[in-house]
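All values below were derived from every heavy atom in this structure, side-chain atoms included, with hydrogens, water molecules and symmetry-related copies excluded. By convention in this document, chain letters (A, B, ...) are assigned in the order of the sequence lines, proteins followed by strands, and residues within each chain are numbered from 1. Everything numeric in this text was worked out from a predicted model, so none of it was measured.
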Number of protein chains: 2
Amino acid sequence: MPRPPTRLLSPEIITDAAIRMVDTAGDFTMPGLAERLKVRPSSLYNHVSGRAEIVEAMRARIMSTIAVGAPAGDWSETVAALAREYRRAYAAHPRLIPLFTAQTVQSPVAFGLYNALAQAFTDAGFTPAQVLHAVTTVDSFVLGSALDLAAPEVVWANVPETGDAMRAALQTAGPNPQRADAAFEFGLRALVAGLVAQTPAGR
Amino acid sequence: MPRPPTRLLSPEIITDAAIRMVDTAGDFTMPGLAERLKVRPSSLYNHVSGRAEIVEAMRARIMSTIAVGAPAGDWSETVAALAREYRRAYAAHPRLIPLFTAQTVQSPVAFGLYNALAQAFTDAGFTPAQVLHAVTTVDSFVLGSALDLAAPEVVWANVPETGDAMRAALQTAGPNPQRADAAFEFGLRALVAGLVAQTPAGR
DNA sequence: ACCTGAACACCGTTCAAGT
DNA sequence: ACCTGAACACCGTTCAAGT
């Protein structure tokens, strides 16, 4: 039965299914997507241009959940809140993140977030060049932290006998996501404190 | 001519070719690797178990270029030096990094580095749990910064009309790798300063 | 021990054919 | 407008056959 009465597909439906497939399987394929949607693989191409576009749609979907909001309080509190919100968006679907790093971004879907960060750093008194570096720094730290969230526990298993400092540290490690969350909060506090210290007038 | 007089392949030769292929093409395939090595794809399986093992071998190769060295000076200088060395190793082959994030690490090849960082943080007076968080923070920041290095210039093209703070910042952006390098140095200074400030006794 | 050729299952994508 | 079936090029991997 070609062309059923009710629409079987749309870019949104396909993106939803792809996110669910990555959440459960760690990756997605066009045939796998088609099967979940009870459709033939070629049908997908009536709605999306291909696999790359689905990845970009998933990225846009994740980014669209970021609520920038009005700045409240100190600029450093604004930066911390934006960084937490940014990571929260990634953390909702941690297994998507490796797909994002593999593929070049095609549209600045995170521009609203970047600009809110840039405004906060501008308020802090940084020069435009420093603002760019500071936004990049927050972006790098959040992305790296989000990747840490997707890492399995086994990463740290079977450590060598030597290295007492790291072994002692590892023995305190609980399961994810608590460990990654705690590390992110620790790092964010340090990073924001360090940015405050870099401020020209100590604002 | 099966079995030529001189060995055509080895795990090292295959890993070398894979790194070169990723450097130039952004990815590698078994047939592509075989062609470069003037061999049939099935020949590769006499030396490596498969694609995943090649990725792990590339990771190990990159990590093996990290020189930990003896700590000199303040613990915070040691941390900064290790972070720079870690990122330098990644930066030598930036297009490899997305492959690393896609695949789970199978052996703690970076343990020497992690332990040197852990020792520095222990010297600083952090508790074992804080040491783990601090090592994770440096790891996340370096990985995120290395991914930034692989990002093409176009990422920032065609920004919206709104958003003056970010637009002003973007106008200062030079080409990579200079832009990414400068952002990393800025972020590293902030992060290390922030870590010093988190120290129990202000050591 | 190690390279080859043939084969397999699988993937992304295209396109004419249907309604 | 949109789903299908068939087809294509390509990929990762296996394995018996060669020397």
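- Put simply, NZ on Lys38(A) is 12 Å from P on dT4(D), counting in whole angstrom units.
- For the pair Arg36(A) and Phe28(A), the cation does not sit on the ring face, since its NZ or CZ is not both under 6.0 Å from the ring centre and inside 45° of the axis.
- Using modelled atom types and a 3.5 Å distance limit, the side chains of Asp123(B) and Gln119(B) yield a donor-acceptor pair.
- Look at CD on Glu35(B): it is 13 Å from P on dT4(C), rounded to the nearest Å.
- When the P atom of dA1(D) is taken as reference, atom CG of Leu9(A) falls 16 Å away, rounded to whole Å.
- Residue Leu33(A) contributes atom CG, which lies 14 Å from atom C1' of dT13(C) at whole-angstrom precision.
- Pairing for dC3(D) is absent, with no Watson-Crick or G-U wobble pair whose two atom distances lie under 3.5 Å.
- Remark: C1' of dG5(C) and CG of Leu44(B) are 15 Å apart, rounded to the nearest angstrom.
- Minimum atom distance to the side chain of Asn46(A) is reached by dC2(D), of the listed dT4(C), dC2(D), dC11(C).
- Classification of the Phe100(A)-Tyr90(A) ring pair by plane angle, with boundaries at 30° and 60°, yields tilted.
- Projected onto DNA chain C by closest heavy-atom contact, Ser49(A) and His47(B) fall at different nucleotides, the more 5' of which corresponds to His47(B).
- Among dG5(C), dC3(C), dG5(D), the nucleotide with an atom closest to any side-chain atom of Arg40(B) is dG5(C).
- One can place OH of Tyr45(A) at 17 Å from P of dA16(C), the figure rounded to the nearest angstrom.
- In this structure, Arg87(B) fails the cation-pi test against Phe141(B), since its NZ or CZ atom is not both closer than 6.0 Å to the six-membered ring centre and inside 45 degrees of the ring normal.
- Residue Ser42(B) is in base contact, counting any heavy-atom pair closer than 4.0 Å across all strands shown.
- Protein atom CE of Met30(A) is 20 Å distant from nucleotide atom P of dC8(D), rounded to whole Å.
- In this structure, dC11(C) forms no base pair with any nucleotide, since neither Watson-Crick nor G-U wobble geometry is met with both distances under 3.5 Å.
- A residue-by-residue look at Ser43(A) and Pro31(A) shows that Pro31(A) has its nearest nucleotide of DNA chain C further toward the 5' end.
- For the pair Asn115(A) (side chain) and Met166(B) (backbone), a donor-acceptor distance under 3.5 Å is present.
- Arg51(A) has its CZ atom 9 Å from the C1' atom of dG12(C), to the nearest Å.
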